[in-house]
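Following: one structure in structure tokens, then a few remarks.
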2 protein chains.
Amino acid sequence: MFAQAVTNAALKIDPARLAVTRGLERQASGHLMAITSLQKKNAGETLFAEGDDADSVYEIVQGMVRLYKLMPDGRRLITGFLSAGNLLNLGSDRICIYTAEAITAVTLCRYKRSAFERLIDEVPGLARRLLVMTSHELRAAQDRMLLLGRKSATEKVASFLLLMADRQDSDGDAIEVPMTRSDIADYLGLTIETVSRTLTKLKQDDLIAIPTVTRIEILDRDRLEDLAGGEGDAEI
Amino acid sequence: MFAQAVTNAALKIDPARLAVTRGLERQASGHLMAITSLQKKNAGETLFAEGDDADSVYEIVQGMVRLYKLMPDGRRLITGFLSAGNLLNLGSDRICIYTAEAITAVTLCRYKRSAFERLIDEVPGLARRLLVMTSHELRAAQDRMLLLGRKSATEKVASFLLLMADRQDSDGDAIEVPMTRSDIADYLGLTIETVSRTLTKLKQDDLIAIPTVTRIEILDRDRLEDLAGGEGDAEI
DNA sequence: CGCAAACTTGATGTTGCTCAAGCTAGGTGG
DNA sequence: CCACCTAGCTTGAGCAACATCAAGTTTGCG
């Protein structure tokens, strides 16, 4: 249950495989790699909590992370499930605006914020690259708002399944669902029970199969897309 | 009912008053001003529609704009009410991802996208400036998700009132509400009737006063903040 | 094998939606 | 200047979707 932090050199991370450095000059990548340290977290561990000092920026290299916000009485909304290639904590200004927890075992690149921000000004193309990434997140956030504000329970669950399927560019429409039903509920603005009931109904209608709790197979994508309501969009 | 487009020189917009150029070198501002044209829209006019070619980026100079997404059956979600200092269409990649309509008469700076993107690479500090603006939007979007997914009708309306009050850095907690009840409903993920009923109840409880339909006064900010539930945040 | 956490299923309750009717205010034309 | 007209707002009654409360069931781990 202990997080490891080691120097990057020791682990030989390939800069070409990191999302932040993609498309940058070799020298620019080198600058980034110089300020990175690799870090691992076990499933269930907290990376940082809402309100913490936002002194680091992270990129997920492997695994899945949930981000969430809490209300004083404990109501939770998961703002995103992030996997490899996503940045964490970039938007936070001084303090973290959400909590990040590992859903699976996670490997991270950690950048000290001060060094990272200096690089943004010095490395040509980096700010532009980050701007593109953030714009994509914003686009996804707007789709989420439509889902949370205007979709029915069935539409929400169907949209969620399609989103997950598109993200795992998996051939055969089989989705790995490492998050709990509770996570899904808090991601969709529903209760656990409603998520469970809706999945059962989709199964009964032969739209999906649920061989194990953590695996869902899409049997009839067309009808699922109809149920999902709006745009068949995917992102983040 | 006709939008006007004139050269910028003719109207002598002060670059220091534009949000995009704030903090940039004088020369950089000059580059931006060179590709800008000023444009006006009357209340109710559409700036661009979801699905349109995203060939321009706009900054709002004056007035208020609503952004929304529609579902095929007509359900609408307003993703934001934008006023002076906000950028429009920056995140859109090739096509507009939302519709923008003028709520009041609006003055805009219009940048051709191709020229704007070229400047992002050429003008030092611009990408960084845009990154900060986009990050703020993302932060606001996450607060909205919590509101849409987890707050009750009363909490939503109370949050909305506080948000509007904070945005109009108005002294006396009197809010100008240029948008219709229908706009507010589609912003909060509610129906017109629920918004109206909730406002009436807040009025009966002496938390607010509604001298005219487009004006709401906050009488008891403390209790309203209690009702609003989570964080007393404001942004965008 | 046993235990706890996660999930499913059922019965009941409440919030906010739908449908329907009346009201208000601002703008237009006589 | 006033009366009308319409778009927008308010209010009410009934209802549906989803939440809540409460058992059971499955799963995976020690």
Side-chain angles (χ1 to χ4, degrees), chain A residues 1 42-44 66 71 73-78 101 103-105 147-160 176-205 208-216 227 229, chain B residues 1 42-44 66 71 73-78 101 103-104 147-160 177-205 208-216 227 229:
Chain A
M1 277 305 251
N42 293 313
R66 68 177 154 248
M71 292 180 64
D73 62 0
R75 276 174 285 175
R76 184 178 74 153
L77 189 103
I78 294 193
E101 282 175 6
I103 291 180
T104 64
L147 177 143
L148 290 168
R150 284 291 178 234
K151 288 193 181 181
S152 70
T154 308
E155 290 170 330
K156 285 178 176 180
V157 172
S159 301
F160 171 76
E176 284 308 320
V177 188
M179 64 288 278
T180 66
R181 299 289 187 264
S182 174
D183 284 341
I184 299 174
D186 286 346
Y187 182 77
L188 298 176
L190 297 171
T191 58
I192 301 183
E193 294 93 329
T194 300
V195 170
S196 183
R197 271 186 254 272
T198 307
L199 286 173
T200 302
K201 197 165 133 287
L202 292 178
K203 187 173 67 177
Q204 286 167 349
D205 294 351
I208 60 172
I210 313 182
T212 78
V213 180
T214 58
R215 188 178 177 84
I216 298 178
L227 274 189
Chain B
M1 274 305 255
N42 293 312
R66 68 178 153 247
M71 292 181 63
D73 62 359
R75 276 174 285 175
R76 184 178 73 154
L77 188 103
I78 294 192
E101 283 175 5
I103 291 179
T104 64
L147 178 143
L148 289 169
R150 284 291 179 235
K151 289 194 180 180
S152 71
T154 308
E155 289 170 331
K156 286 178 175 180
V157 172
S159 302
F160 171 76
V177 187
M179 64 288 278
T180 65
R181 298 290 186 264
S182 173
D183 284 341
I184 299 174
D186 287 345
Y187 182 77
L188 297 176
L190 297 171
T191 57
I192 302 182
E193 294 93 330
T194 301
V195 170
S196 183
R197 271 186 255 271
T198 307
L199 285 173
T200 302
K201 195 165 134 289
L202 293 177
K203 186 174 67 178
Q204 285 167 350
D205 294 350
I208 61 172
I210 312 182
T212 77
V213 180
T214 58
R215 189 178 176 85
I216 298 178
L227 274 189

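In this text the structure is predicted, and so the values were computed from the model without any measurement. Proteins get letters first, then strands, A, B, ... in listed order; numbering begins at 1 in each.
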Got [X] and [Y] here, is their nearest side-chain heavy-atom distance under 4.5 Å?
X      : Y      : result
A:M179 : A:V177 : yes
B:T198 : B:L190 : no
A:L202 : A:I216 : no

Quiz item: Is the side chain of B:R66 donor-acceptor paired with the backbone N or O of B:Y187 at a distance under 3.5 Å, no angle test?
Solution: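 Absent.
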
Exercise. Measure from the side-chain N and O atoms of B:R150 to the backbone N and O of A:R75, and report whether any donor-acceptor pair falls under 3.5 Å.
Key: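 Judged by distance alone, no pair lies under 3.5 Å.
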
Quiz prompt | Phosphate contact (D:dC9 OP1 or OP2) by B:S182 side-chain N/O below 4.0 Å | solution =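 No.
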
Quiz item: Which part of the nucleic acid, if any, lies within reach of B:L190 when heavy atoms closer than 4.0 Å are counted: base, sugar-phosphate only, or nothing?
Solution: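 Touches sugar-phosphate only.
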
Spatial distance of atom [atom1] ([X]) from atom [atom2] ([Y]) [nearest 0.5 Å]:
X      : Y      : atom1 : atom2 : value
A:I78  : A:D183 : CD1   : CG    : 4.0 Å
A:T191 : A:R197 : OG1   : CZ    : 7.0 Å
A:T194 : A:R181 : OG1   : CZ    : 13.5 Å
A:L147 : B:L148 : CG    : CG    : 10.0 Å

[N] [atom2] sits how many Å from [X] [atom1], rounded?
X      : N      : atom1 : atom2 : answer
B:L199 : D:dG8  : CG    : C1'   : 14 Å
A:I210 : C:dA6  : CD1   : P     : 18 Å
B:I216 : D:dC9  : CD1   : P     : 10 Å
A:L148 : D:dA17 : CG    : C1'   : 17 Å
B:R75  : C:dC17 : CZ    : C1'   : 13 Å
A:L188 : D:dA19 : CG    : P     : 11 Å
B:D183 : D:dA7  : CG    : P     : 16 Å
A:R181 : D:dT27 : CZ    : P     : 11 Å

N/O to N/O distances under 3.5 Å, protein versus nucleotides 20-27 of chain C:
none

Quiz item: Of the nucleotides D:dT10, C:dC7, D:dT20, which has the atom closest to the A:T180 side chain?
Solution: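 Closest nucleotide among those given: C:dC7.
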
Exercise. Could you check which of C:dC17, D:dT10, D:dA19 has an atom nearest any side-chain atom of A:T191?
Key: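 Given the options C:dC17, D:dT10, D:dA19, the side chain of A:T191 is closest to D:dA19.
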
Quiz prompt | Most 5' of B:V195 and A:T154 on DNA chain D, judged by nearest nucleotide | solution =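 The residue mapped nearer the 5' terminus is B:V195.
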
Practice problem: Quick one: the dot-bracket string of DNA chain C, using Watson-Crick and G-U wobble pairs with both distances under 3.5 Å, [ ] for crossing pairs and | for bases paired to another strand. | Solution: ||||||||||||||||||||||||||||||

Quiz prompt | First of A:R197 and B:R197 reached from the 5' end of DNA chain C, by closest nucleotide | solution =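 With A:R197 and B:R197 compared, the 5'-side residue is A:R197.
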
